[in-house]
Amino acid sequence: MTEKPTLLRLAILVSGAGSNMVAIARACSEGRIPAEVAVVICDKPGAGGIQRARDLGLAVAVVDAAGFRTDGRLDKPAFEAAIDGHIHAHGADLVILAGFMRVLSAGFVARHPGRILNIHPSLLPKYPGLDTHARALAAGDREHGVTVHFVTAQLDGGPAVIQSAVPVLPGDDVASLSARVHAAEHIIYPMAIQWLASGRLQWNGGRPTLDGKALDAPVRHA
Ligand code: GRF
């Protein structure tokens, strides 16, 4: 009898449509990533990603941020403890932020050292934060793109793993540019997770290596 290898387990955190979550789940089920989706955690009850995850037969946990507010203020430790509860209950090893629209606290990050990845729709360090497509268009950039990076306590500032650039074309608006970036996201996010899940990518105490070599700059995907 052949034993099934133990697969790494992913907790995917989403707030929106969940197209990256779907791309990652597909890559897992097709064997392109040696991992399985343990749970999809969403902080917004109406988010499209919830139904998409259910349609794929994935476990879903909704941690509604609204339930952790008193007088309009979010009790972040309690909110993050609830998220951690689902991560642990589902035995997840890696935390994959896929359009999760909240900044995680330093405490949360410290509980998962080198085990949290994020995808950010810009060529970091350009345009950390929100509205990246509009900012690239307003600046007249001819190139835009997307970055997968390790998450640290610094917003969109952890070590970058892989980037993909897309052209900004004449006549582009936020919708057309964001669609082009999304297509690149669905390619490079599964790649980065594959590297981490297979051990090719190592956190190495905050100085990541890929195939044993220092990752001083992110890999540029054509
Ligand atoms: C993506 O553009 C990602 O880069 C950003 O949020 C968006 C999520 O899109 N962090 P989706 O929900 O995966 O479709």
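One-based numbering, in listed order, for ligands and for the atoms of each.
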* To do: May I ask which of Ser178, Ser15, Gly18, Gly99 has a heavy atom nearer to atom 6 (O) of ligand 1 than the others do?
  => Gly99
* To do: Could you check Ile87, Val103, Val151 and say which one makes a side-chain contact (heavy atoms from CB on, under 4.5 Å) with Phe108?
  => Ile87
* Asked: Can you list the ligand 1 atoms lying under 4.0 Å from a non-hydrogen atom of Ala17?
  -> 12 (O), 14 (O)
* Side chains of Ser15 and Asp43: does their closest heavy-atom pair fall under 4.5 Å? -> yes
* Among protein heavy atoms, which sits nearest to atom 10 (N) of ligand 1, and what does the distance come to when rounded to 0.1 Å? -> Ile119 O, 2.9 Å
* **Identity and separation of the nearest protein heavy atom to atom 14 (O) of ligand 1** => Ser19 OG, 2.5 Å
* Asked: Is atom CZ of Arg142 surrounded by more than 12 heavy atoms (other residues, nucleotides or ligands) closer than 6.0 Å?
  -> no
* Do His186 and Ser19 meet the criterion of a side-chain donor-acceptor pair at a distance under 3.5 Å? -> yes
* Closest approach of any protein heavy atom to atom 9 (O) of ligand 1, naming residue and atom -> His182 NE2, 3.0 Å
* Structure fact -> The protein heavy atom nearest to atom 4 (O) of ligand 1 is Glu185 OE2, 2.7 Å
* To do: Search all heavy atoms of Gly16 against all heavy atoms of Ala47 and return the closest pair with its distance.
  => O-CB, 3.6 Å
